[in-house]
Q: 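For reference, the structure I am asking about is given below.
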Amino acid sequence: MIRTVKTTPYTDQKPGTSGLRKKVPVFQQPNYVENFIQSVFDSLEAFQGKTLVIGGDGRFYNREVIQKAIAMAAANGFGEVIVGQGGILSTPAASNIIRKYKAFGGLVLSASHNPGGPHEDFGIKYNISNGGPAPEKVTEAIFARSKAIDSYKIADIGQVDIDKVGSVKAGEMTVKVIDPVADYAELMESLFDFEAIRTMFASGFRMTFDAMHAVTGPYAKEILENRLGAPNHTAHNFVPLPDFGGHHPDPNLVHAKHLFDEMMRDDAPDFGAASDGDGDRNLIIGNGIFVTPSDSLALLAANAHLAPGYKDGLKGIARSMPTSAAADRVAEKLGIGIYETPTGWKFFGNLLDAGLATICGEESAGTGSDHVREKDGLWAVLLWLNILAVRKESVKDIVTKHWAEYGRNYYSRHDYEAVETERANAVVDELRARLSTLPGTSLGALRVAAADDFAYHDPVDHSESRNQGIRIMFEGGSRVVFRLSGTGTEGATLRVYIERYEADPAKHGLDTQQALADLIVAADEIAGITKHTGRSKPTVIT
Ligand code: G16
């Protein structure tokens, strides 16, 4: 039986950088989930009888929302739902399933690297038929609808068993429960030289992978250990838990510090990696060297031809604006296009669909390619392994040779988390008002060459996205960028991105914070961070 249930709108269902992210108790309010899912369906056209993919990262409230989503998909006329066994699908695996089985779209339930649990974070994101996050025109339509919604449709089908692989009927609709790993593992085998990586492991190559009790655990076990022959203690924390074991499943130098510390020891393994809550981010650390996400993008692009899936070269590279320009130098050398987009993987979709870019990346620990339409943590790890297997050099040697060839972009991000929203807005508003007066002014030895608020013109659909981050460019190529995060769930997070280019190999061995010291001081002076926020230092430095 299909019921139409009366509801009243919530005013705060605006999707951010990557879907709707809120605290669990917010999602647990009456009809909160139902309103949002119905607003998604109401913003779509012509999906009757078609397939919807549903999966999540296994965090607290995942199973409850999956049951609601299935019952609502049945009531709204979808013909089939494909769901990962146990409600599990990593974000890149969900993207692959949407593409492979030609689904109409998908609901990806995750708050990514944010913590999970009854008082922590949850999220819902809609992905379109190319497998990628809905573009802004769709998310804007969803938000508009959520403010006007007065009813939703739900089918009385009881609890669907999502723990057994196979097909069951839910009213008129079929629910297909699939192994969440198999299709993804097959895709990885088609892109990378598994034989070469197997040989490398067999000859004693040592790796440590931290799944952070998040969704990549089962994927890492299957691919790294079962298929590539890595020893069976290579993947750590590989059982996904609803609260990620009480930690932030965020693979950065703060929340994966234990991995960093292990990799800096004399007896460290050859390669260390981690992934986040929903499996789309990556952390790469070689024996004695952390590879910044921006450098990793550049290195992967420069070496991608060593993997079978990219042997014909790249069509182009895309990076988000705050990501360092290291990849630009690789694109220049390869004679291919480089695209600078706003923060948010959704902006890469058009470039990938149009064949303008093959590899994309962001400073926020995301790299991926045209194999799916999401960033992909294990993909990045496997491409690194493929490169290491072919080049037979250490991560450190590969990185330092890259710097010697292209120069080094010293890079760091300083985050001020949970700042009062008005205070964070004041930083950005005041900067914006002063943009035209900054060029030509000096801070110590640094002279401002240009300053703007980044705007993006999509070369494919010609849409415009404004106010995407304030850039202060200095003479000589250094810069600082300021923007407010679109993924936080508490107050505002001010992000400050700091970058300096150094061509001289003799100066490539500096400590990053030291190398950026004058820019860090300048950033505070220009933006008045301490004055506005009362904070004397960032919450997180990556
Ligand atoms: C999401 C987006 C990324 C973005 C990141 C940080 O990642 O998909 O494109 O770079 O958030 O965004 P912000 O700086 O606005 O917080 P994820 O891994 O959280 O889905």
Side-chain angles (χ1 to χ4, degrees), residues 14-22 56-57 59 90-92 94-95 108-116 120-127 131-136 139 212 214-216 244 248-252 255 274-283 292-294 297 318-324 340-349 351-352 360-368 372-380 413-419 424 428 454 456 465 467-470 481-497 538-540 542:
K14 185 176 170 45
T17 309
S18 186
L20 184 68
R21 286 188 194 165
K22 303 276 177 200
D57 61 11
R59 69 177 58 226
S90 77
T91 292
S95 182
V108 182
L109 311 179
S110 169
S112 187
H113 53 289
N114 295 5
E120 298 296 353
D121 293 4
F122 192 76
I124 306 180
K125 184 170 68 159
Y126 180 71
N127 281 26
E136 274 188 330
T139 55
M212 304 190 91
V215 78
T216 38
F244 308 113
H248 286 230
D250 191 350
N252 64 21
H255 298 293
S275 190
D276 70 331
D278 61 331
D280 57 2
R281 295 184 175 209
N282 69 84
L283 171 68
T292 68
S294 294
L297 169 67
R319 65 164 172 87
S320 65
M321 179 275 284
T323 304
S324 95
E340 190 176 25
T341 62
T343 293
W345 204 264
K346 58 182 175 244
F347 292 102
F348 294 136
L351 300 171
L352 294 167
C360 310
E362 294 188 276
E363 50 67 38
S364 56
T367 6
V372 289
R373 292 294 180 274
E374 288 279 5
K375 55 191 188 277
D376 189 342
L378 266 179
W379 171 89
R413 188 177 93 186
H414 290 199
D415 291 337
Y416 297 79
E417 293 178 344
V419 175
V428 175
F454 181 64
Y456 179 59
S465 303
N467 302 330
Q468 297 294 328
I470 290 169
V481 173
F482 303 86
R483 62 177 282 281
L484 299 182
S485 158
T487 57
T489 57
E490 220 182 315
T493 295
L494 172 68
R495 301 207 196 282
V496 185
Y497 311 84
T539 330
V540 175
T542 48

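All ligand and atom numbering here is 1-based and tracks the order in the structure. The figures that follow rest on heavy atoms only: side chains count, while hydrogens, waters and symmetry mates do not.
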Q: Any side-chain heavy atom of K375 within less than 4.5 Å of one from C360?
A: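 Not in contact.
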
Q: Do the rings of H248 and H255 sit parallel, tilted or perpendicular, given the 30° and 60° boundaries?
A: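 The rings of H248 and H255 lie parallel, inter-plane angle below 30°.
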
Q: As an exercise, identify every atom of ligand 1 less than 4.0 angstrom from a heavy atom of R483.
A: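 Numbered from 1, ligand 1 contributes 13 (P), 14 (O), 15 (O).
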
Q: Looking at S294 and S324, would you say the former's side chain and the latter's main chain have a donor-acceptor pair under 3.5 Å?
A: yes

Q: At a non-hydrogen distance cut-off of under 4.0 Å, which region of T17 contacts ligand 1 (side chain, backbone, both, or neither)?
A: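 Near ligand 1, T17 shows its side chain, while the N, CA, C and O stay back.
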
Q: Below 3.5 angstrom, do we get any N/O pair linking S485 and ligand 1?
A: yes

Q: Tell me which part of S112 gets within contact of ligand 1: side chain, backbone, both or neither, using heavy atoms under 4.0 Å.
A: side chain

Q: Please identify which atoms of ligand 1 are closer than 4.0 Å to at least one heavy atom of W345.
A: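 What qualifies from ligand 1 is 8 (O), 9 (O).
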
Q: Near K375, which atoms of ligand 1 are under 4.0 Å from a heavy atom of that residue?
A: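 With K375 as reference, the close atoms of ligand 1 come out as 1 (C), 2 (C), 3 (C), 7 (O), 8 (O), 17 (P), 18 (O), 20 (O).
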
Q: Quick one: do the S95 and N127 side chains pair a donor with an acceptor below 3.5 Å?
A: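 Short answer, no.
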
Q: Checking a contact table here: which protein heavy atom is nearest atom 5 (C) of ligand 1, and how many Å away?
A: R281 NH2, 3.5 Å

Q: Less than 4.0 Å between a side-chain N and a carboxylate O, is that true for E374 and K125?
A: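 A salt bridge is present here (some side-chain N lies under 4.0 Å from a carboxylate O).
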
Q: Starting from atom 11 (O) of ligand 1, find the nearest protein heavy-atom neighbour and note its residue, name and distance.
A: T487 CG2, 3.3 Å

Q: Do D415 and T493 have side-chain atoms, one donor and one acceptor, less than 3.5 Å apart?
A: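 D415 vs T493: no donor-acceptor pair found between side chains.
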
Q: Does only the side chain of R21 get under 4.0 Å from ligand 1, or the backbone, or both, or neither? Count heavy atoms.
A: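 For R21, the contact with ligand 1 is made by the side chain alone.
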
Q: Without swapping roles, check the side chain of S112 against the backbone of N114 for a donor-acceptor pair under 3.5 Å.
A: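 Absent.
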
Q: Do T487 and S485 have side-chain atoms, one donor and one acceptor, less than 3.5 Å apart?
A: yes

Q: Which ligand 1 atoms, with their elements, are less than 4.0 angstrom from a heavy-atom of S364?
A: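 Listed by number with element: 4 (C), 5 (C), 10 (O).
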
Q: Regarding R319 and E340, does a basic nitrogen lie under 4.0 Å from an acidic carboxylate oxygen?
A: yes

Q: Under 4.0 Å from a heavy atom of G344: give me the atoms of ligand 1 that qualify, with their elements.
A: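 Per the distance check, 9 (O).
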
Q: Please work out, at 4.0 Å between heavy atoms, whether the side chain, the backbone, both, or neither of N114 comes within that distance of ligand 1.
A: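 For N114, no heavy atom sits under 4.0 Å from ligand 1.
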
Q: Heavy-atom contacts with E362 under 4.0 Å: which atoms of ligand 1 show up? List them by number with element.
A: 3 (C), 4 (C), 9 (O), 10 (O)

Q: Atoms of ligand 1 less than 4.0 Å from H113 heavy atoms?
A: 19 (O)

Q: Under a 4.0 angstrom heavy-atom cut-off, which atoms of ligand 1 come close to R495?
A: 13 (P), 14 (O), 16 (O)

Q: Can you check whether A380's main-chain N or O pairs, donor with acceptor, with D376's side chain at less than 3.5 Å?
A: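 No; zero donor-acceptor contacts below 3.5 Å.
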
